2 protein chains.
Amino acid sequence: MGEETHSTGTPRRRGRPRKDQSLPGSPRMLLIRAGLAVLTEKGFSAAGLDEIVAAAGVPKGSFYHYFDSKDAFGLALIDAYADYFVRKLDRCFENEARPPLMRLRDFLDDARAGMARHGYRRGCLIGNLGQEMNVLPEPFRERLAAVFRDWEARTARCLRAARAAGEIAADLDCDRIAKFFWIGWEGAVLRAKLERSPAPLDAFFEGFLALLHMGSTVSGRQPACSGQF
Amino acid sequence: MGEETHSTGTPRRRGRPRKDQSLPGSPRMLLIRAGLAVLTEKGFSAAGLDEIVAAAGVPKGSFYHYFDSKDAFGLALIDAYADYFVRKLDRCFENEARPPLMRLRDFLDDARAGMARHGYRRGCLIGNLGQEMNVLPEPFRERLAAVFRDWEARTARCLRAARAAGEIAADLDCDRIAKFFWIGWEGAVLRAKLERSPAPLDAFFEGFLALLHMGSTVSGRQPACSGQF
DNA sequence: TATTTTTTAGACCGATCGTCTTGCAAAATG
DNA sequence: CATTTTGCAAGACGATCGGTCTAAAAAATA
């Protein structure tokens, strides 16, 4: 009461209205995009704001207009990366046109292509920040852990689909396997960066697949694509 | 010739003789010890020399007497850590008093205890530096990769002993499995740091053991300690 | 004691870090 | 148009970074 309100409920204020900072070309989005590129490559501590604002083509002075601090920026990057990655996961894991186990392989192929595209220099933002946990502010921890829980849940869902389809043994614990996958996968991305090669990704994935086919010898099914582990 | 030489062959020179810098109490060793503590926790980029020399109780000016640069110091730390770690690996993997597969578990127990002792803040130096590869000088890459090759070789030897003892299936490729182990293990250490918990170490290890018992259902052997993967 | 060399000691440097203050341009209202 | 309110940009700022430098103490030989 007393304040004039818009039909949408927004109080019509005087002064210059703020731009929509969720638009792709907005400075905020440019900063986030540049920040993702830099931090997936160098991590948080080694990434300077100067480099990020330069890559974004945004004046340094503007940075603190859009973000309270480098820390707050980092948290925003986690959210942005989580969003981007969940879309990728869903595109793979919920692709009904493919058998569930092949969806996992689609994810591998996607990741391998992504790392190759960037010369094996960019890794996983979540893994990078996780490694730096001891020099990051405490709020990062729960946020990163939550992202992993989410990825694990989506992966477990895909695994259950595979189990329901009879692609993997019926007595496998899909939640534990999904946990196992993400624990090891981050190690594989790390090694791929170190060796500048997709081999660690493949090596881990093949081992993981072999694990999935445990007990399949009993039911007589042959592993489709695993090596001789 | 022309120079006076000791009976040991060392040319006895004038001036203050240099201390043995491999002695435990020497400044150089204090710096390396402090550097290992700081870098296993914070990585290379986030670790400042000021912090390291303070922790070592050595004046900053002395640092550059013993090391040419922070980079050179980092390489020395890799060597020191590799030495320390190889001793640990051999203590576990070549312990003839234990069956080969149990030696692997001994390593797990040792690592779990080590991480707990430091509050799950210190990780693996090699993994930390590997994650930072893009912001490290190029010589680090080959050095780190060589360390992993060494660890893999020692692990593969232990696995072959297990295979010879009939603890694991005869058709398993021990070299590939060893590679798989170290790829995933570094991911497990990363997650343990993130979650400040030993659970990721155990989760990965149990999955790894399950992988080793592939085909054991055929030969009728029961997994000794793996969960229901 | 005089000389030579190693080691200690910390002030100091330019560069870069994240942050903040300040001022002006833009776009609304009255 | 004048006013108001805000968005945004530019650069200054202190702290800290890795690294350098000079000087002197320490410990040996001559």
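Keep in mind that this is a model prediction, so the values were computed, not measured. Labels below follow one simple rule: chain letters A, B, ... track the order of the sequence lines, proteins then strands, and each chain is numbered from 1.
Atom OH of Tyr66(A) is separated from atom P of dT6(D) by 16 Å (rounded to the nearest Å). Atom pair Asp71(A):CG and dC20(C):C1' shows a separation of 16 Å (rounding to whole Å applied). Rounding to whole angstrom units, CZ of residue Phe73(B) and C1' of dG18(D) are separated by 13 Å.
For dG7(D), neither phosphate oxygen OP1 nor OP2 lies less than 4.0 angstrom from any side-chain nitrogen or oxygen of His65(A).
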Which atoms of nucleotides 15-18 of chain C (N or O only) lie under 3.5 Å from a protein N or O atom, and what are those distances?
unit_1  : atom_1 : unit_2   : atom_2 : d
dC17(C) : OP2    : Asp50(A) : OD2    : 3.0
dG18(C) : OP1    : Ala47(A) : O      : 3.3
dG18(C) : OP1    : Lys70(A) : NZ     : 2.7
dG18(C) : OP2    : Leu49(A) : N      : 2.7
dG18(C) : N7     : Lys60(A) : NZ     : 3.1

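The two residues Glu152(A) and Ala178(A) come nearest to each other via the heavy atoms O-CB, 3.4 Å.
Side-chain atoms of Asn134(B) come within 3.5 Å of backbone N or O of Glu41(A) as a donor-acceptor pair.
Phe107(B) and Phe85(B) have perpendicular rings, their planes meeting at more than 60° on a 0 to 90° scale where under 30° would count as parallel. The aromatic rings of Phe63(B) and Phe73(B) stand perpendicular to each other, their planes meeting at an angle above 60°, with 30° marking the opposite boundary. Classification of the Phe148(A)-Trp182(A) ring pair by plane angle, with boundaries at 30° and 60°, yields tilted.
Here the side chains of Tyr81(B) and Val147(B) are not in contact, with every heavy-atom distance at 4.5 Å or above.
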